[in-house]
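Reviewing the structure listed below.
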Protein chains: 2
Amino acid sequence: MSRAGFENRHDAVLEAIGREITHGDLAPGDTLTLEHIQNRFGVSRTVARETMRILESMGLVTSRRRVGITVQDAAAWNVFDPRVIWWRLDGNGRDTQLRSLTELRVAVEPLAASAAARNASAEQRTRVVELGARMRGLGERGLLADFLDADVAFHTLLLEASGNEMFAALADVVAAVLRGRTQLGLMPRQPVPEALDAHENVARAVAAGQDRRAEDAMRALLGEVREAMVPPDTGQLSLD
Amino acid sequence: MSRAGFENRHDAVLEAIGREITHGDLAPGDTLTLEHIQNRFGVSRTVARETMRILESMGLVTSRRRVGITVQDAAAWNVFDPRVIWWRLDGNGRDTQLRSLTELRVAVEPLAASAAARNASAEQRTRVVELGARMRGLGERGLLADFLDADVAFHTLLLEASGNEMFAALADVVAAVLRGRTQLGLMPRQPVPEALDAHENVARAVAAGQDRRAEDAMRALLGEVREAMVPPDTGQLSLD
DNA sequence: CCCGATTTAATGGTGTTACCTTTCGATTCA
DNA sequence: TGAATCGAAAGGTAACACCATTAAATCGGG
């Protein structure tokens, strides 16, 4: 019955302050006190303290005696912490976060595809081909919502099949980027044929265990993102 | 005066339990209770609770009423959390962690070099060339300790100069891999000339702002890690 | 009278204890 | 088999002593 995701008091406070810091509403050097937080959110000192400890462990604040809780500079943040990523993705940090994540995708996904070609299970190999075909079908029929789901599943599968748990840990984030990009209208209304081909190329290479080809195909799929990332003016960038 | 790093009670408990989980001494599904922790470490309930909150925020445990604190499966861990990485790097997880990180380096560093060629400041450009030259001097004279320091500085600089804060956040980890690898005797006693050339190639490309060349040079520098990662038998892999 | 050094006092996190509430697995009983 | 009950353990509140830190106040020497 509680508001989505805010199971306990901590989450509410954490969410609020985490957002404020990552969105820049609280600037580095600003200080809070536990009492401040208690009053503002109507929570006990215990809750305030435990929340601060979590924020501290994410690198968003430091806590010192007599001085209070100090907001840290962005350089100290655990920028790979999923919550930090989410917060930055829907606040002021969105722009740099999207750029960073896209660049990270360009770095990681080709290697993940390569690793998947070596390490994927039999089921994963058949599934990746299925998903490639499914994307073609949905894409050609213009069923964008379903197409997006398949796209997310495709990239998630490869990251997980890579056998590298650090790659796999990026799956949720990549999904968020794909979805967020569509929401923002950065995608063409109908997937371009090249994108469909590219996905099927990757799928075939992975299924066949050809790691080098899978890597190259994924790199082709991600396209010339270097140029695409600078000007978001043309509606034709299809860098999934 | 306190023992390195264990400033407060939390850190001691966190360190101990975090290690036990990431090292596999505590298996997924195992449960603890706060009382258990209080007794074992002689700390108050508050400290036990706050420590658990941090572990929970790292995905290492979940806490449920009536059931206690349950150790999570590795799939739920925040594998990018620096502390999780450190712990895995000096325990049972070392092997998979080193492989994962090396694969991550191969993915990220070429793109970081490319980005650095585009975004580095004037000072950073001159410094990267200096470091390349310094590595040659030290390498040829066989001053391994200093060479390693310069090597770490070189890779750190590029990651930071990339302008991508997620790349920059990996600097400490890359440094740990470089140092750890040397400690483990995985490096040749004298840097091979190819490695020295490779570093200077990267440095020159970055300094000249040639992103494509910097990317390729870094990829060459990292070498054919795919093969090198499988058998650690030959002492000749120089994949920095 | 001014400035640096030393003492003092206020502040706010650290750590502890005690207590009540809520949840939910397990036991019991129909 | 299923429903009512019990109780273990976390969730949450409150009040405390403690102590590191900082800033103000005081003091002393030039």
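As the structure is a prediction and not an experimental result, all values here were calculated from the model. The figures that follow rest on heavy atoms only: side chains count, while hydrogens, waters and symmetry mates do not. By convention in this document, chain letters (A, B, ...) are assigned in the order of the sequence lines, proteins followed by strands, and residues within each chain are numbered from 1.
If you take CZ of R49(B) and P of dT17(C), they are 15 Å apart, rounded to a whole angstrom. Atom CZ in R9(B) sits roughly 10 Å away from atom C1' in dT16(C) (whole-Å rounding). Rounded to whole Å, the distance from CG on L34(A) to P on dG12(C) is 10 Å. In this structure, CD of Q38(A) is placed 11 Å from P of dA15(D), rounded to the nearest angstrom. As rounded to whole Å, 7 Å separates atom C1' of dC18(D) from atom CZ of R65(A). Regarding I37(A), its CD1 atom lies at a distance of 14 Å from the P atom of dT13(D), rounded to whole Å. Remark: C1' of dG11(D) and CD of E56(B) are 11 Å apart, rounded to the nearest angstrom. Distance CG (L32(B)) to P (dA10(D)): 9 Å, rounded to an integer number of Å.
In terms of polar N and O atoms assigned as donor or acceptor, the side chain of R45(A) never comes within less than 3.5 Å of the base of dG12(D) in a complementary pairing. Between the side chain of R66(A) and the base of dA10(C), at least one donor-acceptor pair of N or O atoms lies under 3.5 Å.
Judged by distance alone, the side chain of N164(A) and the main-chain N or O of S100(B) form a donor-acceptor pair under 3.5 Å. Using modelled atom types, no side-chain atom of W87(A) and backbone atom of G93(A) make a donor-acceptor pair closer than 3.5 Å. In terms of modelled atom types and a separation under 3.5 Å, the side chain of N39(A) and the main chain of E35(A) share a donor-acceptor contact.
Within the 4.0 Å cut-off from OP1 or OP2 of dG15(C), at least one side-chain nitrogen or oxygen of H10(B) is found. Between dA9(D) and H36(B), no contact under 4.0 Å exists linking OP1 or OP2 to a side-chain N or O. Contact check, S63(B) against dG11(D): a side-chain N or O comes under 4.0 Å of OP1 or OP2.
You'll find that the side chain of R64(B) is closest to dC24(C), out of dG11(D), dC24(C), dT17(C). Each of dG15(C), dG13(C), dA10(D) was ranked by its minimum atom distance to the side chain of N8(B); first place goes to dG15(C).
Note on T46(A): a base of the nucleic acid sits closer than 4.0 angstrom, heavy atoms only.
A salt bridge does not link R99(B) with E103(B): every distance from a Lys NZ or Arg NE/NH1/NH2 to an Asp or Glu carboxylate oxygen is 4.0 Å or more.
The 12-atom threshold is exceeded at CZ of R53(B), counting heavy atoms of other residues, nucleotides or ligands nearer than 6.0 Å.
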